[in-house]
Amino acid sequence: MEILTAIIPTIIEYTVEPVSRQVGYIIHNKSNLENLRSQLKKLDLAKERRKHTVKEDERKGKRIHTDIQDWQKVADEMIEEANTIFEKEGRANTKCFRGVCPNLISNHQLSRKSAKLARKIELHHDQKEFPIVSYNAPLEEICATPSQNYMAFESRISMVKEIMEELKKPGSNLIGVYGLGGVGKSTLAEEVYRQATKEELFDDVVIVLDAKQFPELERNERIQQKIAEKLGMEVQGSMDVHIWNRIKDKKSLIILDDVWEAIDLEVLGLRPMATCKILLTSRNRFSEMRTQKDFRLDVLGEKESWVLFEKMVGDVVKDGPIKKVATQVAKKCGGLPVLVVAVASALRSCSTLEVWNDALRRFKSFDKEDLKDKAYLAIEWSYNQLDAKELKPLFLLCGITAGVGCSSFLSDLLKYAMGLNLVKNVDTVEDARNALHSLAEKLKYSCLLLDIDDDGRVRMHELVRDVAIWIAFKDNHAIAKAYGDELKEWPDRNSLKKCTAISLKSCKIPRLPEVPWVCPELRFFVLGSNHVDGSLEIPGNYFEGMKELKVLDVTGRRIPSLPPSLQSLTNLQTLCLDGCVLGDIALVGQLTNLKILSLIQSQVKELPKEIGQLTRLQLLDLSFCFELVRIPPGVISSLTSLEDLRIGSFKKWEGGLNDGRSNASVSELKQLRQLTALHIHIPDAKLLPANMFSDTKLERYTVLIGDCLPFHYIYGTSSNTLKLKLTTSSQFSQGIKLLLKRCEHLDLDGMEAANIISYILASDSGKQLKNLCVQNNDEVTAVINSSHAFPILESLSLDNLVNLETVCCGQLIAQPSRKLRSLTLRNLPKLIGFSSKGSRPVVTTETEEIISENEIGGPTKLFMNGEVLMPNLTRLILHRCDGLRFLFSSSMATSLVQLTHLEIASCQIMEEIVTKMGSSEENTYNIFPKLKHLQLQHLPSLTRFCSGSYVEFPSLELLHLEDCSELGVFIFDSNSENVTVGKQTEETDVQYFLLDKKVGFPSLESLMIYDMPKLRTIWHHQLSPDSFRKIKRVQVSRCNTLINIFPTSLAKDLQQLSELRVENCGVLEEIVAKEGVETTPTEEFVFSKVTLVQFQNLPQLRSFYSGLHVSKWPLLKTLMFFACGKVEIIASEYSRFQERLDSALVCTSIKQPFFLVDKANPFPNLEKLSLDQNMKIWYEAHGPLPAELFINLKWISCAHPQSFHFLEKLHNLEELVVYMGPWKEIFMYKGTSSGEIDAVGRTLPQVKNLCLDKMEELIHLGNDNSGSIFPNLEILKVNICARLKNLTSSAISFWNLTTLVVWRCSGLKYLTTYSVAKCLHRLKNLEVQYCESMIEILASNGDEQDSGNYHEIAFSSLQHLKLYDLPILQGFCSSEIFTIRVPSINSLIVKKCLIELKISPDKSLIQSSSRPERQQITEEVEEKEAEEEDGYKTGGKQLIAHTIAFGKCTKCLGNAYSVICAIQ
């Protein structure tokens, strides 16, 4: 019973109570639902009250606490759940058992859910009270969200990445970004802010934009306030301590944008440290702020600038003509984003070409009030911050003298600066040079100069140059034009009186006035040309009004004699006559205050003795004066103040004392006690005096001794260079040894090279060498030994050292190659390794043994595992090293992480470039990570590049494969199904693919494959992902077994391809090959960027793709077919061709065109088209060939008669080439026989250039009744037209002809007649070559001869006349009554002719007296003429008679200014 009493309550608890509870849900259904409604109403009211409080706080900018947001979210979910229950209540009231009983199951479920939900709502309602709803959160910067106009350019993205990497370094805490105003520094700072915030690298990221906006006196305080606000601090009074205490224990990044001057960070409460990193942006480099890393932000490149311009200006630039002008306008913006945006926005609504042309005109002017205002002011501000004494004048000097590419040589600036005394507190040329370099660096740090190039040039941006010219004009009254511009008229006299500088480099200028200018303030005058111009004459009194002139530079002029007024320039310090044709320059000797004289690249034969009077001369530059053959003895030694002598092109040195010498002696240099810089070439080492250079003070030098080729001299560089080709050991004097100690570039040539190398290694004189070249010696066996190497060597070149076995003899103790950047090895037949142990080329390392093949038959490899480290090697060239079977081990290849250029050629036994032989290495995936250029040529034994399952060349841009006859797959995998390579292919006849999925080229842009006789297919259709997607140029030539170029899948991915050239492939049938079964009935190929396609000498080529296809070529400009005999039709519209193909089921077969194209214009930009001899342009030659399909054609070359019917509709056609046509007469009228070109009633006024080539049957250009088909022809070329009798034709107007070239026309006896010659007033160039029957150039009509009157024929514009290999030419004109004048002639070439022509002083063409052999030649010609057509016999005899008469009566005029060409 007790047990039962104890069990019953438990039974009731687990049975009766649950049952009663469940029954209660049914009984209390309505009350539970009502209770839920009551609780829901209270919750809804509480939620609404809380909602109002939250919105009020949000309007105040406060941030809502998360628990409040969570309470609201839960309340919303409960309300939604309750509403769902109420919706189900109605459905639960439906009766069951046909309406007799209530639905107990549904009522039970709803009652149960409503009871539980009511309890949850009640509890949630009780939690509605929160003491604090919101808080004051830090305000988010506007820049946290990028602007819709923000564009992520690659140049900016890469810099942001670099900055972020720098910020992650523990020791980097103060970083600077500097650049011109408007270049985008603030935008970059904002992007760094966004990136740092996104990556959550810091607890606090603060950015203060445009710090310069605050007044100077309040700047620190205002910046402090901004920082405190952004950190959420409420501080009164001094804030520096509070800010510091706020950030010192947290990781913080503070970005201060646009700081114009040095700022005390501690005053702001900031101290750069590991937990507080600071990024500054400014217009100048932070030299005073001690930044640990500075980033220079340059202007946008042309492509990026155009992308930004195009986005901002909108669709208006899609119009062709406007786009052409718009690209020029965008370029004028100088890559400054602020200017690009301003200009593009201003032009956004301009849709007419006139407005755009006006905008371009305004940009070419110097009007500051136009759209360039912002940029000008930004650059002018940077200029105003410069030091006034030196930097400002140097900046303006760089601007007004900038040449090609807005660049100036520092050597030129040195001459100008010294002449103007611009560099202060210096006494010597060397000091001035050093100071100038320092000043140029400061301008670079101010972002007013771009990089200083290795060749000694400084560059500035075009926009910066324009501002410099504008400031020079505004502040200094300078007259300057940008390089190549035009000055239409000289300024008035008042302007010239104020003018301080004139700089006109290669500018078109008016004639210099006869009346001398009065320029009392003029100090600087540059009048330059980039070519010798004989049209500008300098009046004799021209310089009389320029008494204060200090610098005069007249470049590229023909100056027979210097103007006498030059001697009045008594204050002249610098005189530059570079690139001039000079006569007598003795007058220069009167300029006794001259410090600098420069005659670079001038044609001067003798340096006059008067030059010896220039005792104050400090710099004499005779570089590249190759015609200089005489310097009178004593002239050089008289120049006692000379510090810098550049005389490397003078080679006529003599030995001995002054007595008896006619030329300068090397010993005179010993008298120049101040000499510190020298460039000289002494071709005979025997001329060196004893102890030459033994007491030298030379700081910089380029010295060549011996009969060696001129050194590759980079003008303006300052490295000490020595090139020696000595013949005896005695010539290796103590003075040369002294030069060796400071030599940086050493070139050793010839038999003494071995002795000099031995001396250098024994004396340890190579520590300063950066570049070493050794060549042409049979004794050198190594150039480095184990104990004495070249620790800073950057470039090593070894050439034609026939007994060299190793580069380094002995085990390397140190690593002499750590700085080596370039290694060139040429013609080293015995080379078997880079280093060796002892004298034998056998060395053992930890990982591999390298052995000479001659000893054991093992592999020879240049670089072994772990042998030598070359971490900085960027360039490796290997030519004609026939002892090497392999180049690298795979570990050595992997270590060359900086290699960018690899070139291997003519190594006869080279089998593999990277080998694993003798090693357990397997991974070749990461070799050459930075290699960009790979060239493999003339390697007859090469079977593969390397072995591996997959090898990627991530940076390779150019791959050049040539004459590698055994090369199979590029990467060989022994586990691959296709392992057949090289010679095995011939035996098994298994097809291989040169490039397949085992090799990756994700960056490849250029592929060149030449002379691969066994190559059948280049690409497998299965390739590595992303490979070849960036390829731009493909060139294939002389691959005689190649059957196609691309597989279909690859052809569809060539979206970057721009050029395709395929030549000399004998069996090539198609360009794109099918891949198995076609998945679609019609393939589509879109070559969106191709601009050039050329197919040449492909005799079996039939189609682009043999199946049905559509190809699109939206940017194609040039399409060329040469000797592709089986291509009969270029293109056809796809739909029309398919219709004909369907109809051909019952007809004859249809010829497939090369291209099948869309209905729309398939070649909208085609400008140049070349057709084969029997090729048609369109499928239906006289059918629907709309001319608008080729409306942009400017050049066409064709021979097929049916291709001419549409020429007159090509309104942009400028050049027409007709070749290999079978016609006797090319321009005919109605009624001509079939087979001759039909030009009925047509005229081609737009054609300016006509070329007739290889027209073997052509006799006439047209009969006398022809209309003028070419009324505006400017260039006429006739080549290899053997039967052509004359050029006279009314079809061609000669009035506008500027160029006439006739070549290998053996039937021509004369070129033209008197009546045609009278029309040739504009002819500038006339060339006649290889015309074996040519008797005279100009023939009379006969009427002129009979009249007895004298006639003058003036070729008033003729500048160039060339007569070459005309074996029976008797004269230019046979008649005595003609005078031929050529007033503009500057080039006359007569070679392999029996005559000599001269130009008389009055510019008449005259001929020397005839030679005795002419009579015999005349008789032979008469006999030959008897075999010619009857219509030409008489005229020919008359011409011969005139020629003989002309030869007898012509007199040789003395004192003629002429060019006499010897008979060859």
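Note that the numbering runs from 1 along the sequence shown for the chain.
Listed by chain and residue number, nothing satisfies the ring-ring contact (aromatic ring centres under 6.0 Å, His included) test with His879 (two or more places apart in sequence, or in another chain). Considering only residues two or more places apart in sequence or on other chains, Glu962 meets the side chain to side chain contact (heavy atoms under 4.5 Å, CB included) condition with Gln937, His938, His960, Tyr1010, Asp1011, Arg1038. The ring-ring contact (aromatic ring centres under 6.0 Å, His included) check on Tyr416 picks up Phe524, with sequence neighbours excluded. With sequence neighbours left out, the side chain to side chain contact (heavy atoms under 4.5 Å, CB included) criterion links Thr781 to no other residue. Looking at residues two or more places apart in sequence or on another chain, you find no side chain to side chain contact (heavy atoms under 4.5 Å, CB included) involving Ser641. Partners of Asp882 by side chain to side chain contact (heavy atoms under 4.5 Å, CB included), not counting sequence neighbours, listed by chain and number: Gln908.
When only modelled atom types and interatomic distance are considered, Lys415 and Ser598 share a side-chain donor-acceptor pair under 3.5 Å. For the residue pair Thr640 and Gln671, no side-chain donor N or O sits within less than 3.5 Å of a side-chain acceptor on the partner. Counting only N and O atoms by type, the side chains of Thr428 and Asp431 include a donor and acceptor under 3.5 Å apart. In the model, Asn803 has no side-chain atom that pairs as donor or acceptor with a side-chain atom of Asp778 under 3.5 Å.
Between the Gln731 side chain and the Thr727 main chain, a donor and an acceptor come within less than 3.5 Å of each other. The main-chain N or O of Cys625 is found under 3.5 Å from a side-chain atom of Ser649 such that the two form a donor-acceptor pair. With hydrogens and angles ignored, the 3.5 Å screen pairs a side-chain donor or acceptor of Trp653 with a backbone N or O of His681. Side chain of Ser623 to main chain of Ile647: no donor-acceptor pair is present (N/O by atom type, distance under 3.5 Å, no hydrogens or angles). Under a 3.5 Å cut-off, the side chain of Glu643 and the backbone N or O of Leu675 do not form any donor-acceptor pair.
No more than 12 heavy atoms of other residues, nucleotides or ligands shown are found within 6.0 angstrom of NZ on Lys930. In Lys595, the NZ atom is not crowded: 12 or fewer heavy atoms of neighbouring residues, nucleotides or ligands sit closer than 6.0 Å. Annotation: Lys932, atom NZ; neighbour count of heavy atoms from other residues, nucleotides and ligands within 6.0 Å does not exceed 12. A 6.0 Å sphere centred on CZ of Arg616 holds no more than 12 heavy atoms belonging to other residues, nucleotides or ligands.
With Asp749 as the partner, the side chain to side chain donor-acceptor pair (under 3.5 Å) test is satisfied by one option alone out of Asn800, Asn776, Asn777: Asn776.
Between Ile600 and Phe409, every side-chain heavy-atom pair lies at or beyond the 4.5 Å cut-off. Side-chain contact check for Tyr701 versus Ile680: every heavy-atom pair is 4.5 Å or farther apart. Put simply, the side chain of Pro632 reaches to within 4.5 Å of the side chain of Glu606, judged on heavy atoms.
For Ala685 against Ile705, the heavy-atom pair with the smallest separation is CB-CG2, 3.7 Å. Smallest separation of non-hydrogen atoms from Lys651 and Pro683: O-CG, 3.4 Å.
Note: Phe928 and Phe953 have parallel aromatic rings, judged against thresholds of 30 and 60 degrees for the angle between ring planes.
For the pair Lys767 and Phe790, the cation-pi criterion (under 6.0 Å, within 45° of the ring axis) is not fulfilled.
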